[in-house]
Q: 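One structure follows; several queries about it will come next.
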Amino acid sequence: MTSKDEVESFLNDLRAKLSVYKIFYYNREKNKQALLDLEITPLQRDEFIRNLKAEDYFGGPKPDTNDVTLPDYWEFGITVKAREVYIKISIGKAARPVICMSFHLAERKITYPYKNA
């Protein structure tokens with residue numbers, strides 16, 4: 001299992017990269033629908049990602065089977081307006097944006113190994 005220190009290291013790397021690059025979101029219907037369902041803007045979505053904590057982690061790093069050239073992805077969950085949101089994110093390639101494959105309502109209950117730990 002990934003240690004809390006490893007998750008925090010990933011999040012530090014993510015924030016450092018976000019100080020230079022934007023987030024590229026996959027153009028998936030459920031990602032777009034989440035903005036409507038949660039009544040949030042794309043800028044608010046970016047802020048939720050910038051504010052991820054190790055306690056929000058629940059999976060990864062895992063290889064991306066759709067694009068083996070991408071760095072591994074990580075999975076997080078957060079609560080937005082009393083609704084659980086699933087986030088699947090990769091640091092992306094060097095000198096390229098961060099990649100968010102998923103930011104949508106969770107389809108199943110998420111178990112967080114570091115919440116209340």
Side-chain angles (χ1 to χ4, degrees):
M1 181 164 124
T2 303
S3 74
K4 190 172 183 179
D5 287 342
E6 290 170 307
V7 176
E8 288 172 351
S9 177
F10 168 78
L11 290 172
N12 288 335
D13 292 346
L14 179 72
R15 282 190 267 287
K17 190 162 188 183
L18 288 175
S19 70
V20 178
Y21 296 97
K22 294 183 179 192
I23 303 170
F24 171 80
Y25 292 91
Y26 278 14
N27 188 21
R28 300 174 65 204
E29 190 56 40
K30 59 181 154 182
N31 289 342
K32 293 186 279 187
Q33 187 63 44
L35 297 175
L36 298 172
D37 292 343
L38 297 167
E39 299 176 326
I40 62 172
T41 67
L43 288 176
Q44 288 171 307
R45 177 181 56 187
D46 289 354
E47 276 308 302
F48 286 120
I49 290 176
R50 288 180 197 284
N51 292 316
L52 287 172
K53 303 180 297 300
E55 291 80 8
D56 301 323
Y57 163 86
F58 76 89
K62 297 176 183 175
D64 187 332
T65 56
N66 292 320
D67 185 347
V68 295
T69 67
L70 283 179
D72 291 346
Y73 68 84
W74 297 64
E75 296 171 299
F76 295 86
I78 58 172
T79 302
V80 177
K81 297 185 180 181
R83 300 182 79 180
E84 195 166 43
V85 175
Y86 169 74
I87 300 167
K88 180 176 168 182
I89 195 161
S90 168
I91 200 82
K93 296 178 183 178
R96 299 275 188 210
V98 167
I99 297 175
C100 183
M101 297 93 157
S102 296
F103 186 104
H104 57 75
L105 298 178
E107 296 169 350
R108 61 187 68 79
K109 180 78 177 121
I110 297 173
T111 303
Y112 303 90
Y114 299 119
K115 272 217 168 127
N116 304 319

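Computation of the quantities below employed the complete heavy-atom set of this structure, encompassing side-chain atoms and omitting hydrogens, waters and symmetry-equivalent molecules. Starting from 1, each residue takes its place in the sequence as its number.
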Q: Among the clusters formed by ILVMFWY side chains lying less than 4.5 Å apart, do Y25 and I89 turn up in the same one?
A: yes
Q: K4 versus E55: any side-chain heavy-atom pair under 4.5 Å?
A: yes
Q: Under a single-linkage definition using a 4.5 Å side-chain heavy-atom cutoff for Ile, Leu, Val, Met, Phe, Trp and Tyr, are M101 and V85 assigned to the same hydrophobic cluster?
A: no
Q: Indicate the atoms forming the closest heavy-atom contact of A34 with F103, along with that distance.
A: CB-O, 3.4 Å
Q: Enter the distance from R45:CZ to T41:OG1 here, rounded to the nearest 0.5 Å.
A: 8.5 Å
Q: Only one of L70, D72, V68 passes side-chain contact (heavy atoms from CB on, under 4.5 Å) with P63; say which it is.
A: D72
Q: If you take all heavy atoms of P42 and L35, which pair is closest and at what distance?
A: CG-CD1, 4.1 Å
Q: Tell me, please, which residues at least two apart from L18 pass side chain to side chain contact (heavy atoms under 4.5 Å, CB included).
A: L14, I23, I49, R50, V98
Q: Please step through side-chain contact (heavy atoms from CB on, under 4.5 Å) for the pair D5 and S9, ending with a clear verdict.
A: CA-CA 6 Å; D5 287 342; S9 177; over 6 Å; no
Q: Mind checking whether V80 and Y112 sit in one hydrophobic cluster, side chains of I, L, V, M, F, W, Y counted as touching below 4.5 Å?
A: no
Q: Nearest 0.5 Å please: distance from the CG atom of L38 over to the CZ atom of R83.
A: 6.0 Å
Q: Under a 3.5 Å distance rule, please check whether K88 uses its side chain to pair with a backbone N or O of S102 as donor and acceptor.
A: no
Q: Would you give the length of the straight line joining atom CD1 of I78 to atom NZ of K53, rounded to the nearest 0.5 angstrom?
A: 8.5 Å
Q: Between F48 and I40, does a side-chain contact (heavy atoms from CB on, under 4.5 Å) hold up when you go through it step by step?
A: CA-CA 10 Å; F48 286 120; I40 62 172; 4.0 Å; yes
Q: Given side chains that start at C-beta, do those of W74 and L52 come closer than 4.5 Å, heavy atoms only?
A: no
Q: May I ask you to decide if the ring planes of Y26 and F24 are parallel, tilted or perpendicular, using 30° and 60° as cut-offs?
A: perpendicular
Q: What are the two closest heavy atoms between D56 and K115, and how far apart are they?
A: OD1-NZ, 3.8 Å
Q: For E75 and Y86, test the side chains for any donor-to-acceptor distance below 3.5 angstrom and give the result as yes or no.
A: yes
Q: Is there a path of hydrophobic side-chain contacts, each under 4.5 Å between heavy atoms of I/L/V/M/F/W/Y residues, joining F10 to I87?
A: yes
Q: From E107 CD over to K30 NZ, what is the distance, rounded to the nearest 0.5 angstrom?
A: 3.5 Å
Q: Indicate yes or no for a side-chain donor-acceptor contact from Y57 to the backbone of V7 under 3.5 Å, with no hydrogens or angles considered.
A: no
Q: Nearest heavy-atom pair of P71 and S90: which atoms, and what distance?
A: O-OG, 3.2 Å
Q: Should Y114 and Y73 be counted in the same cluster of Ile, Leu, Val, Met, Phe, Trp and Tyr side chains packed under 4.5 Å apart?
A: no
Q: Return the SG to NZ distance between C100 and K22, rounded to the nearest 0.5 Å.
A: 15.5 Å
Q: Is the number of heavy atoms from other residues, nucleotides or ligands within 6.0 Å of NZ (K81) greater than 12?
A: yes
Q: So, does K17 use its side chain to make a donor-acceptor pair with the main chain of R96 at under 3.5 Å?
A: yes
